[in-house]
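First comes the structure, then the notes that go with it.
What you see below is based on every heavy atom in this structure, not just the backbone, and it leaves out hydrogens, waters and symmetry mates. Worth saying up front: this structure is predicted, and the values here are computed from it rather than measured. Proteins get letters first, then strands, A, B, ... in listed order; numbering begins at 1 in each.
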There are 2 protein chains.
Amino acid sequence: MIPVDVHSPASSPTVVHVPLGERAYDILIGRGALAASTERIAALGARSAMIVSDGHVLPRHGEALEAVLAQAGLRVATITVPPGEGSKNYAELERVSNALLDAKIERRDLVVALGGGVVGDLAGFAAAILRRGVRFVQVPTSLLAQVDSSVGGKTGINAPAGKNLIGAFHQPALVVADTALLDTLPERELRAGYAEIVKYGLIDDRAFFEWCEANAARVFAGGPERDHAVAVSCRAKAAVVVEDEREEGRRQLLNLGHTFAHALERIVAYDGARLVHGEAVAIGLVLAYRFSAQLGLCPGQDAERVRRHVAGLGLPSSLAEVPGGFGSPEAILDAMAQDKKVKAGRLTFILARGIGESFVQDDVAADDVLAFLRQAAAEAVPA
Amino acid sequence: MIPVDVHSPASSPTVVHVPLGERAYDILIGRGALAASTERIAALGARSAMIVSDGHVLPRHGEALEAVLAQAGLRVATITVPPGEGSKNYAELERVSNALLDAKIERRDLVVALGGGVVGDLAGFAAAILRRGVRFVQVPTSLLAQVDSSVGGKTGINAPAGKNLIGAFHQPALVVADTALLDTLPERELRAGYAEIVKYGLIDDRAFFEWCEANAARVFAGGPERDHAVAVSCRAKAAVVVEDEREEGRRQLLNLGHTFAHALERIVAYDGARLVHGEAVAIGLVLAYRFSAQLGLCPGQDAERVRRHVAGLGLPSSLAEVPGGFGSPEAILDAMAQDKKVKAGRLTFILARGIGESFVQDDVAADDVLAFLRQAAAEAVPA
Ligand SMILES: NC(=O)c1ccc[n+]([C@@H]2O[C@H](COP(=O)([O-])OP(=O)(O)OC[C@H]3O[C@@H](n4cnc5c(N)ncnc54)[C@H](O)[C@@H]3O)[C@@H](O)[C@H]2O)c1
Ligand SMILES: NC(=O)c1ccc[n+]([C@@H]2O[C@H](COP(=O)([O-])OP(=O)(O)OC[C@H]3O[C@@H](n4cnc5c(N)ncnc54)[C@H](O)[C@@H]3O)[C@@H](O)[C@H]2O)c1
Ligand SMILES: [Zn+2]
Ligand SMILES: [Zn+2]
């Protein structure tokens with residue numbers, strides 16, 4: 001067990017504070033956090049709010065949020081975008097930002113993102129550029145969004161050249177992570193989001209990884225372990241963000257597994273039917289450990305232990321499990337070179353010396369990557 | 001004469017420093033500043049640069065800039081947008097940002113805006129959101145851009161609901177204001193840009209306004225007075241920006257004349273054939289003084305003196321001079337209410353107690369505005 005300094009009494013949400021000076025904010029976590037957030041929202045002192053959501057989430061949770069906003073004394077408008085990664089583009093950004101203007105959202109008003117990472121990234125970016133910055137509130141409804149994308153202020157859309165290449169740093173004014181909202185999340189999405197939870201253990205918290213090994217099933221079932229996992233993850237992410245808000249150093253650790261993941265997502269053309277982000281991350285985490293092992297940096301048994309946990313949950317854990325195929329090792333390397341984390345032509349990877357011991361390596365040779373990918377590609381699907 | 005603490009020896013450009021901490025930068029001003037900027041640009045340590053320009057400017061000054069960038073050791077690519085306000089939209093933003101990605105512009109590389117305020121605002125915004133922020137250099141080629149838009153980090157595009165409603169604060173890494181580039185600027189644009197120079201005198205520098213009254217012709221002719229006027233203007237703008245980078249207080253003074261100007265621009269549907277920005281500002285400055293006089297805040301003779309200087313230069317100075325008409329007083333008020341500087345429903349105006357004595361008034365009654373507009377509308381064209 002990791003030392004628990006976050007508490008979740010049934011009645012009031014856990015609060016994780018993100019101390020970013022004048023951009024500081026709180027994350028409210030737990031079952032019922034949304035209904036419990038009225039006063040917090042009222043205290044923000046806005047007059048109007050516009051909910052940005054998607055067609056899956058609004059019918060399920062829109063009314064509950066509207067009720068909270070209305071009770072907080074806000075005039076409320078709503079806009080939805082089509083569900084899925086495809087909405088993170090300029091066309092939807094323009095549509096959302098024009099709707100915000102039509103609703104007369106001003107600098108001190110609120111853009112409220114109700115949805116997964118797609119809605120959060122898009123709505124947050126729209127808030128960042130509307131009138132050069134209006135406040136926004138994240139109400140993440142996917143596990144991935146609750147433990148990752150809603151915290152830290154990275155917002156943005158995709159470009160033909162790659163994911164998240166257009167965007168802004170814009171911290172939310174409040175995050176409300178009501179874990180009960182996850183009860184309606186499709187099983188596959190829940191599983192995928194879990195990959196990002198495991199990531200925090202792998203980055204620098206071996207004890208939390210071990211807690212995950214023991215408690216994954218209960219996180220899925222929705223007991224207090226879910227709240228705990230979300231709180232630990234938010235705290236871990238917040239700590240990294242506070243140290244390096246604009247991703248110039250340590251924050252890159254959050255990209256553990258993501259150089260591989262982004263390349264795979266590009267290869268399946270961001271087709272969520274084939275691979276959703278968390279699934280790509282699951283494969284990426286395993287590959288990052290196996291690559292570290294192949295480079296002689298990390299014990300092979302740690303890499304195998306990561307693979308076993310990931311695979312044991314029904315998540316994909318190898319290139320062979322990319323539905324529809326992954327192209328070729330060369331295609332993956334090529335897709336990596338498109339990634340924004342390329343500096344002066346060299347590849348940056350997050351590697352590991354063991355579970356909970358990751359680090360940034362910014363001059364990995366393309367040859368080493370290719371050799372590893374060829375080996376990983378040649379393997380059969382693990383049992 | 002105002003005290004001169006900026007110098008322009010023929011050989012080396014005047015340097016105005018903008019001390020914004022880690023976002024600090026220099027403005028190089030004068031004839032030949034571009035050719036003299038090679039070392040400064042090289043010192044930025046980028047590998048690549050992409051020039052963003054328009055179809056009027058690139059053929060005239062593109063080669064000179066390319067030569068400087070190449071001499072600074074940079075790989076150079078170029079993209080142009082159609083000239084004019086119409087390019088400040090999402091479609092051009094998307095096209096420019098995709099071109100930057102295709103040219104593999106990375107975080108430490110440079111986006112170089114070569115053009116007027118349109119190109120500067122659009123390219124600066126593209127730089128702000130590309131990979132969540134890449135560096136950019138302003139090479140302003142219109143008088144308005146040299147004395148106003150290239151300094152201060154406001155970037156953005158227009159929306160159907162209004163001008164500059166979508167954007168970011170993103171400071172340039174360097175501004176190169178070569179006053180010789182203005183030699184190819186159409187007379188009408190030169191005149192329009194001059195309105196923003198006068199504005200600095202009106203805001204808080206009566207002596208500079210008097211210098212303008214005496215030297216306007218020489219500024220137009222392109223002598224050392226032009227360099228002086230640009231340097232004083234940049235220094236004035238920089239001082240305000242440094243005090244209030246994100247426009248939460250004092251920086252609003254820079255909007256002197258602009259509540260009227262933006263409303264008029266909206267009314268002519270941003271049709272530059274009817275009214276370019278600086279012309280709208282010229283009218284707006286005169287109206288701001290006359291409104292201040294009507295409210296009993298400012299001597300009528302100061303308002304008349306402003307009108308006389310503006311009109312004497314061949315700039316429009318009254319509602320009657322809006323080509324194609326200004327609609328109605330009600331239409332102007334309506335267009336003002338769309339402006340982003342509306343807070344909680346009240347109108348914010350920059351008013352004046354006299355020449356060089358402007359201040360922010362954030363609760364001007366709509367009735368007072370309407371009464372003033374009705375009177376201004378009823379007047380004949382001044383002689
Ligand atoms: N900003 C960041 O720091 C950051 C970090 C990680 C990921 N991301 C981004 O997040 C996105 C992925 O987020 P995601 O996995 O949440 O995707 P998503 O937003 O597409 O949500 C996944 C699916 O679940 C549905 N859904 C969400 N909540 C639901 C609920 N409670 N009930 C029923 N259905 C629900 C959505 O409609 C969608 O179909 C990617 O675009 C990724 O780039 C951003
Ligand atoms: N960011 C800010 O702080 C700020 C401040 C003021 C104005 N602005 C913006 O600036 C824009 C207006 O700028 P502008 O007046 O420079 O308009 P502009 O960029 O459209 O330039 C005016 C015209 O002059 C041409 N031109 C420019 N330089 C030339 C040269 N050297 N030779 C020949 N032709 C040349 C252009 O092609 C254009 O046709 C507006 O969009 C306004 O919103 C921004
Ligand atoms: Zn991720
Ligand atoms: Zn202006």
Side-chain angles (χ1 to χ4, degrees), chain A residues 22 45-48 89-109 121 125-134 152-170 245-248 337-346, chain B residues 22 45-48 89-109 121 125-134 153-170 245-248 337-346 348:
Chain A
E22 56 182 21
R47 291 189 313 141
S48 295
N89 65 20
Y90 271 110
E92 289 301 320
L93 181 68
E94 180 169 12
R95 207 171 60 82
V96 169
S97 64
N98 282 334
L100 292 169
L101 288 168
D102 290 344
K104 300 214 186 288
I105 297 295
E106 299 177 8
R107 273 202 187 172
R108 303 282 306 159
D109 289 330
D121 281 9
F125 187 34
I129 64 176
L130 186 77
R131 305 174 190 278
R132 297 197 185 85
V134 305
K154 276 169 76 173
T155 70
I157 57 174
N158 302 321
K163 247 177 93 84
N164 299 322
L165 288 175
I166 304 295
F169 286 99
H170 189 53
E245 189 177 358
R246 296 186 71 89
E247 198 170 17
E248 285 148 352
Q338 299 286 327
D339 201 278
K340 66 188 163 188
K341 278 163 290 288
V342 178
K343 268 204 193 104
R346 290 165 303 174
Chain B
E22 57 182 18
R47 291 187 315 141
S48 294
N89 64 21
Y90 271 111
E92 289 302 319
L93 180 69
E94 178 168 14
R95 206 171 61 81
V96 169
S97 64
N98 283 334
L100 292 169
L101 287 167
D102 290 344
K104 300 214 187 290
I105 298 296
E106 300 177 8
R107 271 202 190 173
R108 304 281 305 160
D109 289 332
D121 281 10
F125 188 34
I129 63 176
L130 186 77
R131 304 174 191 278
R132 299 199 184 82
V134 305
K154 276 169 76 173
T155 69
I157 58 174
N158 301 321
K163 247 176 92 84
N164 300 321
L165 287 175
I166 303 295
F169 287 98
H170 189 53
E245 189 177 357
R246 296 185 72 89
E247 198 171 15
E248 284 148 352
Q338 299 287 326
D339 201 277
K340 64 188 164 185
K341 279 163 289 289
V342 178
K343 269 202 193 106
R346 288 164 305 173
T348 297

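- In terms of heavy-atom pairs under 4.5 angstrom with chain B, the leader among A/A159, A/S97, A/G133, A/G156 is A/S97.
- Scanning for side-chain contact (heavy atoms from CB on, under 4.5 Å) contacts around B/A126 gives B/L93, B/V96, B/L100, with sequence neighbours left out.
- Contact annotation for B/S48: neither backbone nor side-chain heavy atoms come within less than 4.5 Å of a heavy atom of chain A.
- To the nearest 0.5 Å, atom CG of residue B/L101 and atom CZ of residue B/R131 are 5.5 Å apart.
- Contact tally against chain B (heavy-atom pairs below 4.5 Å) for A/A91, A/A128, A/A168: the top residue is A/A168.
- Taking CG of A/N164 as the start and CZ of A/F125 as the end, the distance is 10.5 Å to the nearest 0.5 Å.
- The choice from A/N89, A/T155, A/I157 that makes the most heavy-atom pairs within less than 4.5 Å of chain B is A/T155.
- Counting only distance, with no hydrogens or angles, the side chain of B/R132 and the backbone of A/R246 share no donor-acceptor pair below 3.5 Å.
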